[in-house]
Asks: 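To start, I am sharing the structure in question, which I have written as structure tokens.
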Amino acid sequence: MEVQIILLMVLLPLLMVRAKVPAMIVFGDSSVDAGNNNYIATVARSNFQPYGRDFEGGKPTGRFSNGRITTDFLSQAFGIKPYVPPYLDPNHNISHFATGVTFASAATGYDNATSDVLSVIPLWKQLEYYKGFQKKLRVYLGESRANETFAKALHIISVGTNDFLENYFAIPGRASEYTPIEYQNFLVGIAEKFIHKLYGLGARKISLGGLPPMGCLPLERTTNFVGGNDCVPRYNSIALEFNQKLSKLTTTLNKDLPQIRLVFSNPYDIFLQIIQKPAHYGFQVASMSCCATGMFEMGYSCSRGSSFSCIDASRYVFWDSFHPTEKTNGIIAKYLVKNSLAQFLH
């Protein structure tokens, strides 16, 4: 009897949380892609070793990390489930997706031109997948329960880094059309329209993610010869400017859209703290990544150079030259729950 009471005391808070947020619905790029790119024709993949070596069963899933990504940790923190599955995975069905699903695609951005670079799923297509999911959920749960799920589910948007690092500053095109500030405004306009469309589809709880200190990614530091392989200040400044615009957009939309609960989830500060004071968080290396030489590899090049990879990824802030390790993802997720998403727990 005592054991049953203890179990009830442990489980009841989780059940109450899950009732408040019954599902986690995710849009974005590689920061939140759990493997959708495995099922499309693109080189932007990670469904091979050494990716996923610390994931359950030691298997690569398509997540750009050695293990779980931020949304997996968030889903668990909300008492939903330990992993958020990818929508295009044929091994999952609507019963799995009913409590959480990601439509995200590695290498995508707000800008359609960004998704075109590596032929990945643009944001508008992710929204079309969401509409298809809604139809399936209405059949599975019934109209009323499905609509309640859409209203209570936490919709997470995590995208934007690729728009700058893989598009604007990497290839000709947008840089000749827009100044950096104009391009930021262009992207914020797309973000605003996307949130309006989500709202029109019944979403009421939405987390709009900010950019990390993208000038400190190992790939950017490796190529920063003039700056002595330190963080690239210009890229960090743009991330800060863009985040300010997203924060302002959040404030505006909360006033304009009745009953919406839109929060700005900003990983910038905690990520920079980890990079600047790695030892404080239990890390030893922050300037290079674990995979291969740690300087520029990601995706297939990470796999080809895997024999050079570190032995213990938990000592590293970054897994590959662009993406954090599972340990870093867990710290960032905990920070986001405490500083922006906690209101959805109550």
Side-chain angles (χ1 to χ4, degrees), residues 27-32 104-118 120 122-124 126-127 156-199 206-227 230-257 260 262-273 275-276 322 336 339-340:
F27 306 88
D29 57 22
S30 58
S31 61
V32 289
S105 177
T108 201
Y110 283 111
D111 187 354
N112 289 337
T114 303
S115 58
D116 289 344
V117 175
L118 293 177
V120 296
L123 213 50
W124 67 265
Q126 293 184 31
L127 198 69
I156 292 176
I157 304 164
S158 179
V159 68
T161 304
N162 296 314
D163 289 305
F164 294 100
L165 298 186
E166 302 298 312
N167 183 359
Y168 188 87
F169 290 113
I171 57 175
R174 291 305 194 199
S176 62
E177 296 177 56
Y178 302 100
T179 65
I181 295 292
E182 288 170 345
Y183 190 59
Q184 289 176 45
N185 293 336
F186 170 69
L187 298 179
V188 170
I190 296 170
E192 181 175 7
K193 288 173 186 171
F194 187 78
I195 292 167
H196 271 278
K197 286 174 182 175
L198 273 184
Y199 180 83
I206 303 173
S207 164
L208 178 61
L211 298 186
M214 54 191 187
C216 293
L217 301 179
L219 179 65
E220 305 312 324
R221 295 179 74 155
T222 297
T223 53
N224 184 21
F225 306 114
V226 177
D230 205 350
C231 297
V232 182
R234 187 186 184 196
Y235 291 162
N236 281 357
S237 295
I238 281 175
L240 285 169
E241 290 169 5
F242 189 63
N243 286 347
Q244 283 183 329
K245 291 175 187 291
L246 291 180
S247 180
K248 189 176 178 182
L249 174 66
T250 302
T251 304
T252 301
L253 293 180
N254 274 319
K255 292 175 183 175
D256 293 349
L257 300 175
I260 196 171
L262 174 64
V263 298
F264 177 54
S265 294
N266 189 0
Y268 188 97
D269 291 340
I270 181 63
F271 212 151
L272 191 63
Q273 283 176 31
I275 291 164
Q276 291 178 338
F322 217 79
L336 293 178
N339 291 278
S340 59

Asks: Are the side chains of F322 and N162 in touch, meaning some heavy atoms are under 4.5 Å apart?
Replies: yes
Asks: So F242 and V188, do their side chains get closer than 4.5 Å, heavy atoms only?
Replies: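 Sidechains of F242 and V188: in contact.
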Asks: Between L253 and I206, does the side-chain contact (heavy atoms from CB on, under 4.5 Å) criterion hold? Intermediate values first, please.
Replies: CA-CA 11 Å; L253 293 180; I206 303 173; over 6 Å; no
Asks: If I compare all heavy atoms of F271 with all of P213, which pair ends up nearest, and what's the gap?
Replies: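 Distance-wise, the nearest heavy atoms are CB-CD, 3.6 Å.
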Asks: Do the side chains of L123 and L127 get nearer than 4.5 Å, heavy atoms only?
Replies: no
Asks: Could you grab the distance from atom NZ of K193 to atom OH of Y110, nearest 0.5 Å is fine?
Replies: 14.0 Å
Asks: Can you give me the closest heavy-atom contact between A191 and L246, atom names plus distance?
Replies: CB-CD2, 4.4 Å
Asks: List the atom of H196, the atom of L257, and the distance in Å for their closest heavy-atom pair.
Replies: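 Taking H196 first and L257 second, the nearest heavy atoms are CE1-CD2, 3.6 Å.
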Asks: Quiz question: by atom type and distance under 3.5 Å, do the side chains of Y199 and D256 form a donor-acceptor pair?
Replies: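 Judged by distance alone, the side chains do not pair up.
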Asks: Output the distance between atom CG (N167) and atom OG1 (T161), rounded to the nearest 0.5 Å.
Replies: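 Taking CG in N167 and OG1 in T161, the distance rounds to 12.5 Å.
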Asks: Which donor-acceptor pairs under 3.5 Å do the side chains of residues 231-238 make with protein atoms, sequence neighbours left out?
Replies:
unit_1: N236; atom_1: OD1; unit_2: M214; atom_2: N; d: 3.4
unit_1: N236; atom_1: OD1; unit_2: G215; atom_2: N; d: 2.7
unit_1: S237; atom_1: OG; unit_2: P233; atom_2: O; d: 3.0

Asks: Kindly compute the distance separating OG1 (T252) from CD1 (I195), expressed to the nearest 0.5 Å.
Replies: 10.5 Å
Asks: With distance as the sole test, does Q126 use its side chain to make a donor-acceptor pair with the main-chain N or O of G28 at under 3.5 Å?
Replies: yes
Asks: Using the side chain to side chain donor-acceptor pair (under 3.5 Å) criterion, which residues pair with S115? Sequence neighbours excluded.
Replies: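 Expected list: none.
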Asks: Using the rule given for side-chain contact (heavy atoms from CB on, under 4.5 Å), can you reason through L240 versus Y268, listing the C-alpha separation, both sets of side-chain angles and the distance that settles it, and then say yes or no?
Replies: CA-CA 8 Å; L240 285 169; Y268 188 97; 3.6 Å; yes
Asks: Pair N339, I270 - check side-chain contact (heavy atoms from CB on, under 4.5 Å), show working.
Replies: CA-CA 10 Å; N339 291 278; I270 181 63; over 6 Å; no
Asks: Give a yes or no on whether the backbone of L336 and the side-chain of S340 come within a donor-acceptor separation of less than 3.5 Å.
Replies: yes
Asks: Any side-chain heavy-atom pair from Q184 and I181 closer than 4.5 angstrom?
Replies: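 Contact flag for Q184/I181 side chains = yes.
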Asks: Do T108 and T114 have side-chain heavy atoms sitting under 4.5 Å apart?
Replies: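 T108 does not reach T114 side chain to side chain.
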Asks: Closest approach of L211 and G160, non-hydrogen atoms and distance?
Replies: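 Nearest heavy atoms, L211 then G160: CD2-C, 3.5 Å.
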Asks: Looking at K245, I'd like to know if its NZ atom is crowded, meaning that more than 12 non-hydrogen atoms belonging to other residues, nucleotides or ligands lie closer than 6.0 Å.
Replies: yes
Asks: Side chain to side chain donor-acceptor pair (under 3.5 Å): which pairs involve residues 217-227, sequence neighbours left out?
Replies: none
Asks: With a 4.5 Å cut-off on side-chain heavy atoms, are F164 and Y183 touching?
Replies: yes
Asks: Minimum heavy-atom separation for T250 and L262, please, with both atom names.
Replies: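 In terms of heavy atoms, the two residues are closest at CG2-O, 3.3 Å.
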Asks: Measure from the side-chain N and O atoms of D29 to the backbone N and O of G109, and report whether any donor-acceptor pair falls under 3.5 Å.
Replies: no
Asks: Start with the C-alpha gap between K248 and T251, add the side-chain angles, then the distance that decides, and say whether side-chain contact (heavy atoms from CB on, under 4.5 Å) holds.
Replies: CA-CA 5 Å; K248 189 176 178 182; T251 304; 5.7 Å; no
Asks: Return the CG to CG distance between L249 and N254, rounded to the nearest 0.5 Å.
Replies: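 Separation between the atoms: 9.5 Å.
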Asks: Between F186 and Y178, what is the ring plane arrangement, given parallel below 30°, perpendicular above 60°, and tilted in between?
Replies: parallel
Asks: Give a yes or no answer on whether the side chain of D163 reaches the backbone of D111 with a donor-acceptor pair at less than 3.5 Å.
Replies: yes
Asks: Over all heavy atoms of both residues, which pair between F264 and G209 is shortest? Give the atoms and the distance, please.
Replies: CE1-C, 4.0 Å
